[in-house]
Visitor: 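I have a structure I would like to understand better, so I am pasting it below and will then ask my questions one at a time.
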Amino acid sequence: MAGSGWRHRRWRETLLLLLSCALYLPSLGHGFHYDDFHSIVLNPHIRALSDAGGLFRDFQTFSSNPESAMFRPVLMLSFALNYALAGGAPASYHAVNVFLHGTNTILLYWVLLALRIDPGRALLGAVFFAVTPINSEAVNYVSGRSEVLMAFFFLSSCLAYFRCHEKGGVRLPWAAMSLLCGALALLTKSVAVSLAVVLPLADWLTGGWAVVRQRWKYYTAFVAINVAYVTWTSSIIDRALLQPVRSFDIQLFTQLKAAVYYIALVALPVNLSAEHQFRISRSPELAVVVSFLLLLSLAAVVLKLRRLPIPGFACGWWALLLLPSAIVPLIVLVNEHRLYLAGVGFCVAVATCGWQPGKSGKVAVVLVALYTICLAAGSVHRGSAWEDELSLWEDAARKAPLMLKPHLRLADALKQAGRWREAEAAYLRALVLRPLHPAAGNNLGQLYAEMGRPEAALERFRAVLAASPDKVSTRLNLANLLLRRLDWREARLEYNRALQYGDAGGVAHGHLAQIALTFQEDADGAVVLFDQALALSGQEGRAGLQTGRGVALRRLGRYKEAEAAYLAAIDLDSRHVDSLYNLGNLYERCGPIGGGELGLHSRRRYRLGRAALVQSAGPIAHA
């Protein structure tokens, strides 16, 4: 009988894994989406596993944008492993998400069993977790791995903790495993701080307050991990709390509404979107008061059922996992992926309050089966919206027509697809919603420049800068457009203004150097500016800067240094035609230059330089 029960359980786990993964297999053909681009596609910090140690030390390794610094080293390490195995192909990243979701479904089933829930009911809760469309965002969205991977370590920590205290004893290896998984969950996403309170909540459910008092030392270990984490990440936490995106009273009013909205969304997962039609509440308006009263009523019901601890545990799990994002003001007001692990509380409620196999009539069986099929179909349908950026934001703009973000993202996707007229209309819709929004105005200006409408582009850039003069990227776009029109004096003025407002990453210095070289015939000044640009710039564009520097050095008669600059550009980009052209031009007139190692290096490049000089018809010689 025991062997039969074991085999029966293995069959259930296998079916759960297959069901969870099968629903999301179409995502393997999908691409990357919004935050994926700065945290994965354009992030140089995940390109080599040899740099993995830096992921645990430097907060800016989270993104290619320094201002998007976060501390999620285990998440970024998983992306680095993906890149090492399959490069930038999105299918491998999606495959990991899908497999993690399937594994989490099995882990949840084990957690429910460990909480002494009947196996049939535990299976029902796990099936709900596997098929509910509310989990679609976390699984289909590669950056949603922060939730899926954190849930994997979080649930693993819970299971190890339960094993540690099985049969009344204490098994230290399992205790150590629980602490390790808890730390890894925290290093994946900070929401895992809730684990230090979830574990005593689980002990209360299975053993009462006496067990909670008995095991306080174990909770202290998890609290110590949280304290260490908060201390290490204090600079990020201070920025979030001391420079919040909205005041804490507005955050409270808004998140009271969000709590009720989340409950409705999980109970009836329809009209899902990457951006929900949900607005900020700046005062205790009617919706806020009603939400508060509903939450108060729910709390009263749970307290009334204190002899049935499972409802209290389910609500406690739900609230604890959503509490961090409710306290800390975040840019996005509500997000479906935040419900991935929090939704386990709802799964517990479903498992304990719903139908139990073998003890209900045929009608109940049919209803549960139909509901499960509808949820599964909803997950498949929702997954189709995540096919690419265009499908995702078309869906979001249709469902949230009064929100700025979907129209702006849709416009960017349409522009990328070459559908310029539709992109223009989407940008204009975004500007109707928020007329002075810098990104919408800047991106529309860039679109007009690409469409060959420079006057319209200049008008948009200037309108943005009139309202937000510190927008360095827009000022650079304006200056670049002016320079292309050979209005170099005004362009130089704008580049200098960009430097006054912020760091231009060497771009302004590079263009100022070109102006000095081309229009002012100031080769000495150009060399200084090129050196400054190289000191400030990242890897992108350095070959062009070295080439320009070489041209300036050649005009000064410093041929050996000019040759070294051209060769440095070719080392950065062996197919950089402009540097090869100018190097060939230099050799055509002067022959190979330099002695020793540099001379040998020059002779190896001589043929390349001459070939570029003969074959290139596109680049214009700088010298």
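All values reported here derive from a predicted model rather than from experimental measurement.
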Visitor: Drop me the distance from S157's OG to I225's CD1, to the nearest 0.5 angstrom.
Guide: 8.0 Å
Visitor: Side chains of T105 and L17: closer than 4.5 Å at any heavy-atom pair?
Guide: no
Visitor: Closest heavy-atom contact between P329 and P244?
Guide: CG-CB, 3.7 Å
Visitor: Please list, chain by chain and in numerical order, all residues satisfying ring pair (Phe, Tyr, Trp, His ring centres under 6.0 Å) with F154, sequence neighbours excluded.
Guide: W317
Visitor: Looking at D395 and R398, is there a salt bridge between them, counting it only when a charged N and a carboxylate O are closer than 4.0 Å?
Guide: yes
Visitor: Report, as yes or no, whether the 6.0 Å neighbourhood of atom CZ on F292 holds more than 12 heavy atoms from other residues, nucleotides or ligands.
Guide: no
Visitor: So, do S27 and N97 sit near enough that their side-chain heavy atoms are less than 4.5 Å apart?
Guide: no
Visitor: Around atom CG of L296, are there more than 12 heavy atoms of other residues, nucleotides or ligands at under 6.0 Å?
Guide: yes
Visitor: With a 3.5 Å distance limit and no angle check, can you tell me whether N104 reaches the backbone of V148 through a side-chain donor-acceptor pair?
Guide: yes
Visitor: Run the side chain to side chain contact (heavy atoms under 4.5 Å, CB included) test against P435 and tell me which residues pass, sequence neighbours left out.
Guide: none
Visitor: In terms of ring plane angle, is the pair Y34 and W393 parallel, tilted or perpendicular, where the classes change at 30° and 60°?
Guide: perpendicular
Visitor: Near Y229 OH, under 6.0 Å, is it more than 12 heavy atoms from other residues, nucleotides or ligands?
Guide: yes
Visitor: Determine whether the side chains of W386 and E137 contain a donor N or O and an acceptor N or O closer than 3.5 Å.
Guide: no
Visitor: Is the centre of the Y261 ring less than 6.0 Å from the centre of the H276 ring?
Guide: yes
Visitor: I'd like to know whether W174 forms a ring pair (Phe, Tyr, Trp, His ring centres under 6.0 Å) with Y161, so could you lay out the CA-CA distance, the side-chain angles of the two residues, the decisive distance to 0.1 Å, and finally the verdict.
Guide: CA-CA 6 Å; W174 283 110; Y161 178 81; over 10 Å; no
Visitor: Is the shortest heavy-atom distance from the side chain of V332 to the side chain of K405 under 4.5 Å?
Guide: yes
Visitor: Using atom types as modelled and distance alone, determine if a side-chain donor or acceptor of T254 lies under 3.5 Å from a backbone N or O of S281.
Guide: yes
Visitor: Do the side chain of R382 and the main chain of L272 share a donor and acceptor less than 3.5 angstrom apart?
Guide: yes
Visitor: Less than 4.0 Å between a side-chain N and a carboxylate O, is that true for K189 and E147?
Guide: yes
Visitor: Evaluate the side-chain proximity of S136 to E336: yes if any heavy-atom separation is below 4.5 Å, no if none is.
Guide: no
Visitor: Taking the six-membered ring for Trp, are the ring centroids of Y141 and Y93 within less than 6.0 Å of each other?
Guide: no
Visitor: Does the separation of the ring centres of Y24 and H94 fall below 6.0 angstrom?
Guide: no
Visitor: Taking the side chain as everything from C-beta on, heavy atoms only, tell me whether Q277 gets closer than 4.5 Å to K399.
Guide: no
Visitor: For P119, is there any backbone N or O sitting under 3.5 Å from a side-chain donor or acceptor partner on R12?
Guide: yes
Visitor: Do F313 and L115 touch side chain to side chain, with heavy atoms closer than 4.5 Å?
Guide: yes
